[in-house]
Each structure stands twice: as C-alpha cells, then as structure tokens.
Amino acid sequence: MIIISLILLVTIIIWWRAPILGNELTKQTIYVGLLDVWHGSSTDDKAYAMWIDDDSTIGVFQVKKIADAVGIPPYFAVIADKMEPEVADSLASWQHQGAGIVLHGLHHERWWDWNASQIEADIRQSYQRLHEQGFDTAKIMKLVIPPHGCNNRTIRKVIAQQGCKMISGASLINPDRHVFQFGRIGIGPDTDLDKMREMLQKAYERKAFVIFGTHSSIPEIFSIEKTQEVLQIAKEIGFCFDIND
C-alpha cells in the first residue's frame with residue numbers, strides 16, 4: 001500500500017511540475033521528471049522552445065521548409081557518418097546560416113552496453129566526421145541525443161565530461177534550460193492540437209523550456225501539417241525560439 005501511494009504521489013508531482021503529453025509514462029520520464037522536480041522552479045526570465053528533428057535523412061528538406069514558413073531556427077540531430085552527400089552539404093550550409101546541429105551518434109548504434117571509452121570515441125569521431133563534411137564543429141550545440149534513447153550512468157557521465165547536456169527519451173517539459181537531462185515532446189500525425197495548446201500555455205506561464213521532437217526520417221510518424229501548426233501555436237503564445245538569448 002505504501003509503495004502504491006508513493007507511485008501515485010510521484011506521478012502527480014511529475015505531472016504538475018513536468019506535464020506529460022498523452023499516455024507516454026516511461027522509466028526515463030519518471031527519472032528525468034524527478035530530477036526536474038528536485039531542480040525546482042525555472043530560473044529563466046521567460047519561456048523558451050526549440051525544435052529538434054532526428055536522423056538527418058532527406059526529410060530535412062521538409063523540416064527546413066517548415067522552419068522557414070514559421071520563422072524559427074531549425075535544429076538537426078545528425079548521424080555523422082550516415083548522411084547522404086546532398087543532406088550533409090545542405091545541413092552544413094544551413095548551419096552557417098544559423099541552423100543548429102546536435103550530435104546523435106556516429107552510426108546510430110546502441111550505447112547501452114558500451115563502456116566509457118567507446119562512447120567517448122563515438123562522440124570524438126562524430127565531430128571529426130562532421131568537420132570533414134564542412135560543418136563548423138566549434139558551433140555544434142553542446143547537446144547530445146544518445147542513439148535509440150539509450151540512457152544509463154556511463155552515458156550520462158561521458159556526456160557530462162564532454163561539457164555537453166543530454167536529450168533523454170523522456171516525454172516531458174523541462175523547468176528551464178539549465179538542467180543536465182532534457183525531455184522533449186513529440187509531434188506526429190496523432191498530436192492533439194487542443195491538448196498541446198493547453199499544455200504549452202501552462203508551460204509558458206511557468207517560464208519552462210519546451211523541446212519539440214520529430215522524425216522526418218520516418219514518414220509514417222512525421223506530419224508536416226501538425227508540426228507546422230504546433231510550432232505556430234508555440235510562437236503565438238510567446239515562446240522564445242532563440243535559446244541562446
């Protein structure tokens with residue numbers, strides 16, 4: 001009975017501090033949500049948002065069109081050694097125009113059972129491969145999205161040692177831009193726009209940090225219309241999309 005009560009209490013606290021969209025309650029959501037609760041209230045002076053699209057396939061061209069139409073800077077989680085030349089050349093060019101680049105693994109391999117040296121090598125080789133393809137590695141975002149949502153103590157330790165922060169697989173809102181692990185809210189064909197607007201309004205009032213996530217690399221779970229509408233809602237509410245502001 002005590003355990004059940006604790007579970008209910010934890011769920012209520014997470015929902016209040018870091019609202020979850022839909023029914024996606026995972027181990028990472030609970031873990032990151034508890035860290036956010038411990039972190040406390042936002043230290044930002046306003047609400048911020050960013051949009052990260054994963055995997056760097058030809059879907060990035062749709063992402064760029066949406067970002068240009070809404071008028072926000074796009075961020076791309078790149079798989080350093082799996083990009084087609086046309087994609088790599090375009091992303092490198094867009095980076096020089098202000099688009100953000102985020103690390104997402106050299107080959108998108110699972111880091112679950114890797115040791116620290118293997119993960120460090122993957123990150124280091126990712127920077128090197130991106131440099132070879134014309135990216136400005138000095139301007140790559142200090143964010144890492146472990147492939148396949150991998151998350152354990154070794155992964156977190158290595159990412160922290162690299163001076164980076166981590167995008168986890170948790171589906172939640174972040175208190176601000178200063179926590180180590182971030183959750184993000186997915187946008188797809190089934191996204192409920194009314195619920196999204198309600199959640200974003202609450203996040204805005206708390207001066208929270210929202211990270212939207214999409215996978216343009218997987219057409220069946222990517223929606224151009226819903227993505228553009230959600231981003232427009234966030235912009236209309238007043239979120240600042242310049243996270244370095």
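Only this structure's heavy atoms are used, side chains among them; waters, hydrogens and symmetry mates stay out.
- When the shell of 6.0 Å around CD of Glu84 is examined, it contains 12 or fewer heavy atoms from other residues, nucleotides or ligands.
- Contact detail for Gly186 and Thr191: the closest heavy-atom pair is O-OG1, 4.0 Å.
- In this structure, CG in Asp113 is found 9.5 Å from CD in Gln118, a value given to the nearest 0.5 Å.
- The shortest distance between side-chain heavy atoms of Gln161 and Glu120 falls below 4.5 Å.
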Checking side-chain contact (heavy atoms from CB on, under 4.5 Å) for the pair Arg184/Met50: CA distance, chi angles, key distance, verdict? CA-CA 9 Å; Arg184 55 179 169 167; Met50 70 183 299; over 6 Å; no
Given side chain to side chain donor-acceptor pair (under 3.5 Å), test Trp114 with Thr154 step by step and report yes or no. CA-CA 8 Å; Trp114 286 20; Thr154 301; over 6 Å; no
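- Closest non-hydrogen pair, Gln62 versus Ile224, comes out as NE2-CD1, 3.4 Å.
- Each of Arg197, Glu205, Glu198 was checked for a side chain to side chain contact (heavy atoms under 4.5 Å, CB included) with Gln201, and the lone residue meeting it is Glu205.
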After noting the C-alpha distance and the side-chain angles of His178 and Asp44, does the key distance pass the side chain to side chain donor-acceptor pair (under 3.5 Å) rule? CA-CA 9 Å; His178 308 292; Asp44 281 328; 3.0 Å; yes
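- Cluster annotation: Ile233 and Ile211 are assigned to distinct hydrophobic clusters (Ile/Leu/Val/Met/Phe/Trp/Tyr, side-chain heavy-atom contacts under 4.5 Å, transitive).
- More than 12 heavy atoms of other residues, nucleotides or ligands shown are found within 6.0 angstrom of CG on Leu193.
- One hydrophobic cluster, built from ILVMFWY side chains closer than 4.5 Å, holds both Tyr127 and Val87.
- With hydrogens and angles disregarded, a donor-acceptor distance shorter than 3.5 Å links the side chain of Ser56 to the backbone of Ile79.
- Distance check: Ile101 CD1 to Ser126 OG gives 12.5 Å after rounding to the nearest 0.5 Å.
- Side chains of Ser216 and Asp53: a donor-acceptor N/O pair is present below 3.5 angstrom, by distance only.
- Between Ser42 and Pro175, the closest heavy-atom pair is CB-O, 3.1 Å.
- Between the side chain of Gln28 and the main chain of Gly169, a donor-acceptor pair closer than 3.5 Å is present.
- No side-chain donor-acceptor contact under 3.5 Å links Ser223 to the backbone of Gly188.
- Tyr48 is connected to Val102 through a chain of hydrophobic side-chain contacts under 4.5 Å among Ile, Leu, Val, Met, Phe, Trp and Tyr, so both are in one cluster.
- Using a 4.5 Å heavy-atom cutoff, the side chains of Phe241 and Val70 are not in contact.
- Screening Leu91, Val60, Asp55, Asp54 for a side chain to side chain contact (heavy atoms under 4.5 Å, CB included) with Val78, the sole residue that qualifies is Leu91.
- The two residues Pro147 and Gly105 make their nearest non-hydrogen contact at CG-CA, 4.0 Å.
- Atom OH of Tyr204 has 12 or fewer heavy atoms from other residues, nucleotides or ligands within 6.0 Å.
- How far CD1 of Ile52 is from CD1 of Ile145: 4.5 Å, rounded to the nearest 0.5 Å.
- With values rounded to the nearest 0.5 angstrom, Gln228 atom CD is found 11.5 Å from Lys65 atom NZ.
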With side-chain contact (heavy atoms from CB on, under 4.5 Å) as the criterion, how do Lys226 and Asp190 come out once you've worked through the C-alpha distance, each side chain's angles and the decisive distance to 0.1 Å? CA-CA 8 Å; Lys226 288 291 180 71; Asp190 298 327; 6.0 Å; no
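- Nearest heavy atoms, Val210 versus Ala203: CG2-CB, 4.0 Å.
- Taking hydrophobic clusters as Ile, Leu, Val, Met, Phe, Trp and Tyr residues chained together by side-chain heavy-atom distances below 4.5 Å, Ile185 shares a cluster with Val230.
- Phe61 places a side-chain heavy atom less than 4.5 Å from the side chain of Glu86.
- The shortest side-chain heavy-atom distance between Phe182 and Leu143 falls under the 4.5 Å cut-off.
- At a cut-off of 3.5 Å, with distance as the only test, no side-chain donor of Asp136 or His96 sits close to an acceptor on the other residue.
- Using modelled atom types, one side-chain atom of His148 and one backbone atom of His108 make a donor-acceptor pair closer than 3.5 Å.
- In plain terms, the two heavy atoms of Met166 and Pro146 that are nearest each other are CE-CG, 3.9 Å.
- Using a 4.5 Å heavy-atom cutoff, the side chains of Trp51 and Thr227 are in contact.
- Environment of CG in Asp68: crowded, with over 12 heavy atoms of neighbouring residues, nucleotides or ligands closer than 6.0 Å.
- At least one side-chain heavy atom of Ile155 sits less than 4.5 Å from a side-chain heavy atom of Asn152.
- Hydrophobic clustering, with ILVMFWY side chains joined whenever heavy atoms are under 4.5 angstrom apart, groups Phe239 together with Ile173.
- No side-chain heavy atom of Lys142 sits less than 4.5 Å from a side-chain heavy atom of Lys165.
- One distance of note links CG of Leu106 with CG of Asp122; it measures 5.0 Å at 0.5 Å rounding.
- Considering only heavy atoms from C-beta on, Phe76 stays 4.5 Å or farther from Met83 through its side chain.
- With values rounded to the nearest 0.5 angstrom, Ile187 atom CD1 is found 12.5 Å from Glu225 atom CD.
- When each of Glu132, Gln125, His131 is tested with Gln128 by the rule side-chain hydrogen bond (donor to acceptor under 3.5 Å, both in side chains), just one qualifies, namely Glu132.
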